[in-house]
Amino acid sequence: MGKVKLIECPRDAMQGIRDFIPTNEKVQYIQSLLRCGFDTIDFGSFVSPKAIPQMKDTAEVLGKLDLSTTRSKLLAIVANVRGAQDASQFKEIDYLGYPFSISENFQMRNTHKTIAESVEVLQEILNIADQSGKEVVAYLSMGFGNPYGDPWNVEIVGEWTEKLSAMGVKILSLSDTIGSSTPDIIDYLFSNLIPEYPEIEFGAHLHTVPSRWHEKIDAAYKAGCRRFDGAIQGFGGCPMAKDELTGNMPSEKMLSYFTSARAETNIKMTSFESAYNEASKIFNAYH
(Lines give C-alpha, C1' and ligand atoms only; values in the text may rest on other atoms or scores of the structure.)
Protein backbone atom coordinates (compact mmCIF):
# COMPACT_ATOMS: atom_id res chain seq x y z
CA MET A 1 0.00 0.00 0.00
CA GLY A 2 1.08 3.60 -0.45
CA LYS A 3 0.80 6.56 -2.74
CA VAL A 4 3.01 6.83 -5.81
CA LYS A 5 3.73 9.77 -8.10
CA LEU A 6 3.57 8.96 -11.79
CA ILE A 7 5.42 11.31 -14.13
CA GLU A 8 4.41 11.04 -17.78
CA CYS A 9 7.15 11.97 -20.27
CA PRO A 10 5.80 12.91 -23.71
CA ARG A 11 8.95 15.00 -24.23
CA ASP A 12 11.10 11.88 -23.87
CA ALA A 13 8.76 9.95 -26.16
CA MET A 14 8.78 12.60 -28.91
CA GLN A 15 12.25 14.11 -28.89
CA GLY A 16 13.95 11.43 -30.98
CA ILE A 17 11.34 11.37 -33.75
CA ARG A 18 12.83 12.69 -36.97
CA ASP A 19 9.67 14.03 -38.61
CA PHE A 20 8.47 17.21 -36.92
CA ILE A 21 5.21 16.72 -35.05
CA PRO A 22 3.04 19.80 -35.67
CA THR A 23 2.61 22.03 -32.63
CA ASN A 24 -1.16 21.65 -32.47
CA GLU A 25 -0.86 17.85 -32.45
CA LYS A 26 1.61 18.02 -29.57
CA VAL A 27 -0.79 20.31 -27.72
CA GLN A 28 -3.71 17.94 -28.31
CA TYR A 29 -1.72 14.98 -27.00
CA ILE A 30 -0.34 16.75 -23.93
CA GLN A 31 -3.81 18.13 -23.22
CA SER A 32 -5.14 14.56 -23.12
CA LEU A 33 -2.40 13.66 -20.62
CA LEU A 34 -3.27 16.64 -18.41
CA ARG A 35 -6.74 15.11 -17.88
CA CYS A 36 -5.39 11.79 -16.56
CA GLY A 37 -4.25 12.73 -13.08
CA PHE A 38 -0.48 12.30 -13.49
CA ASP A 39 1.51 14.06 -10.79
CA THR A 40 3.74 15.74 -13.39
CA ILE A 41 3.99 16.00 -17.17
CA ASP A 42 7.52 16.23 -18.61
CA PHE A 43 6.16 18.18 -21.56
CA GLY A 44 9.10 19.83 -23.35
CA SER A 45 12.62 21.15 -23.19
CA PHE A 46 14.43 24.46 -23.53
CA VAL A 47 17.50 23.27 -25.40
CA SER A 48 19.19 24.19 -28.66
CA PRO A 49 16.86 23.55 -31.64
CA LYS A 50 19.93 22.27 -33.47
CA ALA A 51 20.43 19.60 -30.81
CA ILE A 52 16.77 18.56 -30.56
CA PRO A 53 14.71 20.06 -33.41
CA GLN A 54 11.53 18.34 -32.23
CA MET A 55 11.42 20.51 -29.10
CA LYS A 56 11.94 23.89 -30.79
CA ASP A 57 8.26 24.78 -30.24
CA THR A 58 8.15 24.09 -26.49
CA ALA A 59 7.30 27.70 -25.57
CA GLU A 60 4.57 27.78 -28.24
CA VAL A 61 3.13 24.47 -26.99
CA LEU A 62 3.06 25.85 -23.45
CA GLY A 63 1.18 28.94 -24.58
CA LYS A 64 -1.58 26.81 -26.11
CA LEU A 65 -2.16 24.44 -23.19
CA ASP A 66 -5.30 24.86 -21.08
CA LEU A 67 -4.15 24.36 -17.50
CA SER A 68 -7.32 25.62 -15.85
CA THR A 69 -8.66 22.23 -14.71
CA THR A 70 -5.56 20.08 -14.29
CA ARG A 71 -3.70 19.31 -11.07
CA SER A 72 -0.69 17.96 -12.95
CA LYS A 73 2.49 20.01 -12.67
CA LEU A 74 4.70 20.82 -15.66
CA LEU A 75 8.37 19.92 -16.00
CA ALA A 76 10.72 21.20 -18.70
CA ILE A 77 14.18 19.79 -19.36
CA VAL A 78 17.07 22.26 -19.54
CA ALA A 79 20.65 21.48 -20.52
CA ASN A 80 22.39 24.72 -19.58
CA VAL A 81 22.00 28.05 -17.79
CA ARG A 82 20.42 29.78 -20.76
CA GLY A 83 17.75 27.08 -21.02
CA ALA A 84 17.03 27.44 -17.30
CA GLN A 85 16.71 31.22 -17.68
CA ASP A 86 14.31 30.78 -20.61
CA ALA A 87 12.17 28.19 -18.82
CA SER A 88 12.09 30.17 -15.57
CA GLN A 89 10.25 33.02 -17.35
CA PHE A 90 7.11 30.88 -17.57
CA LYS A 91 5.02 30.82 -14.41
CA GLU A 92 3.20 27.71 -15.67
CA ILE A 93 6.36 25.58 -15.31
CA ASP A 94 6.86 24.03 -11.88
CA TYR A 95 10.04 22.01 -12.38
CA LEU A 96 13.32 22.44 -14.24
CA GLY A 97 14.79 19.04 -15.07
CA TYR A 98 18.57 18.75 -15.50
CA PRO A 99 20.29 15.60 -16.79
CA PHE A 100 23.42 15.20 -14.69
CA SER A 101 25.51 12.28 -15.84
CA ILE A 102 28.04 10.43 -13.74
CA SER A 103 29.53 9.19 -17.02
CA GLU A 104 32.02 11.72 -18.41
CA ASN A 105 31.52 10.44 -21.94
CA PHE A 106 27.75 10.73 -21.76
CA GLN A 107 27.87 14.19 -20.17
CA MET A 108 30.06 15.39 -23.06
CA ARG A 109 27.77 13.83 -25.66
CA ASN A 110 24.63 15.12 -23.99
CA THR A 111 25.59 18.66 -22.90
CA HIS A 112 29.14 19.18 -24.27
CA LYS A 113 30.42 19.65 -20.74
CA THR A 114 32.68 17.77 -18.38
CA ILE A 115 31.22 16.51 -15.11
CA ALA A 116 33.06 19.30 -13.26
CA GLU A 117 31.51 21.92 -15.56
CA SER A 118 28.13 20.27 -15.19
CA VAL A 119 28.32 20.64 -11.39
CA GLU A 120 28.73 24.41 -11.86
CA VAL A 121 25.81 24.52 -14.30
CA LEU A 122 23.58 22.60 -11.90
CA GLN A 123 24.44 25.02 -9.09
CA GLU A 124 23.44 27.97 -11.28
CA ILE A 125 20.22 26.21 -12.27
CA LEU A 126 19.41 25.61 -8.60
CA ASN A 127 19.94 29.35 -7.97
CA ILE A 128 17.73 30.32 -10.93
CA ALA A 129 14.99 27.95 -9.76
CA ASP A 130 15.19 29.35 -6.25
CA GLN A 131 14.83 32.91 -7.50
CA SER A 132 11.91 32.07 -9.80
CA GLY A 133 9.94 29.88 -7.38
CA LYS A 134 10.60 26.60 -9.17
CA GLU A 135 12.07 23.28 -8.14
CA VAL A 136 14.85 21.30 -9.80
CA VAL A 137 14.61 17.64 -10.68
CA ALA A 138 18.15 16.30 -11.16
CA TYR A 139 18.44 13.15 -13.23
CA LEU A 140 21.42 10.98 -12.37
CA SER A 141 21.83 9.70 -15.91
CA MET A 142 23.86 6.54 -16.51
CA GLY A 143 22.98 5.90 -12.87
CA PHE A 144 23.00 2.13 -13.37
CA GLY A 145 26.10 1.82 -15.56
CA ASN A 146 27.28 2.99 -18.98
CA PRO A 147 28.51 1.48 -22.25
CA TYR A 148 31.69 3.58 -22.43
CA GLY A 149 33.82 1.90 -19.78
CA ASP A 150 33.57 4.97 -17.52
CA PRO A 151 33.92 4.15 -13.82
CA TRP A 152 30.65 3.03 -12.25
CA ASN A 153 29.72 1.27 -9.04
CA VAL A 154 27.20 1.72 -6.27
CA GLU A 155 29.74 3.68 -4.20
CA ILE A 156 30.12 6.25 -6.99
CA VAL A 157 26.33 6.66 -7.12
CA GLY A 158 26.33 7.17 -3.35
CA GLU A 159 29.13 9.73 -3.50
CA TRP A 160 27.30 11.76 -6.14
CA THR A 161 24.06 11.59 -4.18
CA GLU A 162 25.89 13.05 -1.20
CA LYS A 163 27.38 15.86 -3.32
CA LEU A 164 24.06 16.73 -4.97
CA SER A 165 22.28 16.70 -1.61
CA ALA A 166 24.88 19.14 -0.25
CA MET A 167 24.23 21.40 -3.26
CA GLY A 168 20.54 21.53 -2.40
CA VAL A 169 19.02 18.97 -4.78
CA LYS A 170 15.71 17.82 -3.29
CA ILE A 171 14.42 15.57 -6.11
CA LEU A 172 16.83 13.05 -7.60
CA SER A 173 15.73 10.61 -10.27
CA LEU A 174 18.05 7.66 -10.88
CA SER A 175 18.10 7.18 -14.64
CA ASP A 176 18.65 3.87 -16.35
CA THR A 177 19.70 5.53 -19.58
CA ILE A 178 20.59 2.40 -21.58
CA GLY A 179 18.28 -0.10 -19.90
CA SER A 180 21.15 -1.82 -18.12
CA SER A 181 19.73 -1.92 -14.60
CA THR A 182 19.05 -5.21 -12.85
CA PRO A 183 16.61 -5.81 -9.99
CA ASP A 184 19.38 -6.44 -7.46
CA ILE A 185 21.15 -3.14 -8.23
CA ILE A 186 17.85 -1.23 -8.28
CA ASP A 187 16.99 -2.73 -4.90
CA TYR A 188 20.45 -2.02 -3.47
CA LEU A 189 20.55 1.62 -4.53
CA PHE A 190 17.05 2.61 -3.47
CA SER A 191 16.98 0.61 -0.23
CA ASN A 192 20.29 2.20 0.85
CA LEU A 193 19.88 5.77 -0.45
CA ILE A 194 16.27 6.42 0.57
CA PRO A 195 16.82 5.97 4.34
CA GLU A 196 20.20 7.73 4.21
CA TYR A 197 18.86 10.89 2.54
CA PRO A 198 15.35 11.49 3.93
CA GLU A 199 15.45 15.09 2.62
CA ILE A 200 15.61 13.83 -0.99
CA GLU A 201 12.65 12.54 -2.99
CA PHE A 202 14.10 9.72 -5.08
CA GLY A 203 12.64 8.79 -8.44
CA ALA A 204 13.11 6.00 -10.95
CA HIS A 205 13.52 6.88 -14.63
CA LEU A 206 13.94 3.37 -15.98
CA HIS A 207 14.37 2.30 -19.58
CA THR A 208 13.59 -1.29 -20.39
CA VAL A 209 13.08 -4.00 -22.97
CA PRO A 210 9.48 -5.31 -23.01
CA SER A 211 10.27 -8.48 -21.06
CA ARG A 212 12.02 -6.74 -18.15
CA TRP A 213 9.62 -4.00 -17.09
CA HIS A 214 7.94 -5.89 -14.22
CA GLU A 215 11.07 -6.93 -12.35
CA LYS A 216 12.47 -3.39 -12.50
CA ILE A 217 9.33 -1.65 -11.20
CA ASP A 218 8.86 -4.36 -8.60
CA ALA A 219 12.41 -3.93 -7.29
CA ALA A 220 12.18 -0.12 -7.11
CA TYR A 221 8.76 -0.09 -5.44
CA LYS A 222 9.63 -2.73 -2.87
CA ALA A 223 12.86 -0.82 -2.07
CA GLY A 224 10.79 2.26 -1.19
CA CYS A 225 10.75 4.34 -4.38
CA ARG A 226 7.47 6.22 -4.83
CA ARG A 227 8.23 8.40 -7.87
CA PHE A 228 8.22 6.79 -11.31
CA ASP A 229 8.72 8.17 -14.83
CA GLY A 230 7.12 6.51 -17.82
CA ALA A 231 5.72 7.03 -21.29
CA ILE A 232 2.57 5.52 -22.72
CA GLN A 233 3.36 2.37 -24.74
CA GLY A 234 7.04 2.79 -23.89
CA PHE A 235 7.65 5.21 -26.76
CA GLY A 236 11.00 6.98 -26.81
CA GLY A 237 13.92 6.20 -24.60
CA CYS A 238 17.52 7.10 -25.12
CA PRO A 239 18.89 7.18 -28.68
CA MET A 240 22.24 6.20 -27.14
CA ALA A 241 20.79 2.81 -26.23
CA LYS A 242 22.04 0.27 -28.73
CA ASP A 243 19.05 -2.07 -28.45
CA GLU A 244 16.11 -0.82 -30.51
CA LEU A 245 13.75 -2.63 -28.14
CA THR A 246 14.95 -0.51 -25.21
CA GLY A 247 12.39 2.21 -24.59
CA ASN A 248 10.75 4.16 -21.80
CA MET A 249 8.96 2.36 -19.02
CA PRO A 250 5.40 1.85 -20.39
CA SER A 251 2.94 3.82 -18.26
CA GLU A 252 0.13 1.31 -18.81
CA LYS A 253 2.34 -1.48 -17.44
CA MET A 254 3.18 0.61 -14.38
CA LEU A 255 -0.51 1.28 -13.84
CA SER A 256 -1.32 -2.43 -13.95
CA TYR A 257 1.49 -3.11 -11.45
CA PHE A 258 0.40 -0.40 -9.02
CA THR A 259 -3.24 -1.45 -9.31
CA SER A 260 -2.31 -4.99 -8.28
CA ALA A 261 -0.05 -3.61 -5.52
CA ARG A 262 -2.99 -1.50 -4.32
CA ALA A 263 -0.94 1.66 -4.53
CA GLU A 264 -2.75 4.95 -5.02
CA THR A 265 -1.92 6.69 -8.33
CA ASN A 266 -4.79 9.21 -8.78
CA ILE A 267 -5.04 8.17 -12.45
CA LYS A 268 -8.50 8.44 -14.04
CA MET A 269 -8.70 5.32 -16.19
CA THR A 270 -11.21 6.60 -18.74
CA SER A 271 -9.02 9.66 -19.39
CA PHE A 272 -5.95 7.42 -19.54
CA GLU A 273 -7.59 5.22 -22.19
CA SER A 274 -8.32 8.32 -24.24
CA ALA A 275 -4.69 9.50 -23.91
CA TYR A 276 -3.49 5.99 -24.84
CA ASN A 277 -5.50 6.22 -28.08
CA GLU A 278 -4.06 9.69 -28.77
CA ALA A 279 -0.56 8.26 -28.29
CA SER A 280 -1.29 5.51 -30.82
CA LYS A 281 -2.40 8.10 -33.36
CA ILE A 282 0.50 10.50 -32.97
CA PHE A 283 3.31 7.94 -32.70
CA ASN A 284 2.06 5.80 -35.55
CA ALA A 285 1.85 8.87 -37.79
CA TYR A 286 5.34 10.16 -36.91
CA HIS A 287 8.17 7.69 -36.33
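Note that the structure is a prediction, hence the values are computed from the model and not measured. Worth knowing before you read on, the calculation uses all heavy atoms, side chains too, and leaves out hydrogens, waters and symmetry mates.
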Heavy-atom distance under 4.5 Å between the side chains of [X] and [Y], does that happen here?
X	Y	value
His207	Ser181	no
Arg35	Phe272	no
Thr69	Leu34	no
Asn24	Lys64	yes
Asp130	Asn127	no
Arg11	Met55	yes
Val137	Arg227	yes
Ile77	Pro99	yes

Scan side-chain atoms only and decide if [X] and [Y] contain a donor-acceptor pair under the 3.5 Å cut-off.
X	Y	value
Ser103	Asn105	no
Ser45	Gln15	no
Tyr98	Ser118	yes
Gln54	Lys26	yes
Thr111	Gln107	yes
Asp176	His205	no

Ring centroid separation [X] to [Y] under 6.0 Å:
X	Y	value
Phe20	Tyr286	no
Trp160	Phe100	yes
Phe46	Phe90	yes

Could you tell me whether Asp187 and Lys222 have a side-chain N and a carboxylate O separated by less than 4.0 Å? no
Tell me whether Glu25 is salt-bridged to Lys281, with the criterion being a basic N under 4.0 Å from an acidic carboxylate O.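 Salt bridge between Glu25 and Lys281, a charged N being under 4.0 Å from a carboxylate O: no.
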Same hydrophobic cluster for [X] and [Y], using side-chain heavy-atom links shorter than 4.5 Å among ILVMFWY?
X	Y	answer
Leu140	Leu96	yes
Leu189	Leu172	yes
Val47	Leu122	yes

Check: [Y] main-chain N/O paired with [X] side-chain donor or acceptor under 3.5 Å:
X	Y	value
Ser165	Thr161	no
Asn192	Tyr188	yes
Lys3	Ala263	no

Hey, mind stepping through Asp39 and Lys73 against salt bridge (Lys or Arg N to Asp or Glu O under 4.0 Å) and telling me if it holds? CA-CA 6 Å; Asp39 180 83; Lys73 303 176 195 74; 3.5 Å; yes
Using 30° and 60° as the class boundaries, would you call the ring planes of Phe144 and Phe190 parallel, tilted or perpendicular?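 Correct class here is tilted.
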Ring-face cation of Arg226 near Tyr221 (centre distance under 6.0 Å, axis angle within 45°):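 Yes, a cation-pi geometry.
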Do other residues, nucleotides or ligands put more than 12 heavy atoms under 6.0 Å from Lys253 NZ?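 At most 12 heavy atoms, drawn from other residues, nucleotides or ligands, come within 6.0 Å of this atom.
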Between the OG atom in Ser72 and the CD1 atom in Ile30, the distance rounded to the nearest 0.5 Å is 11.5 Å
Let me know which of Asp42, Ile232, Thr40 forms a side chain to side chain contact (heavy atoms under 4.5 Å, CB included) with Glu8. Ile232
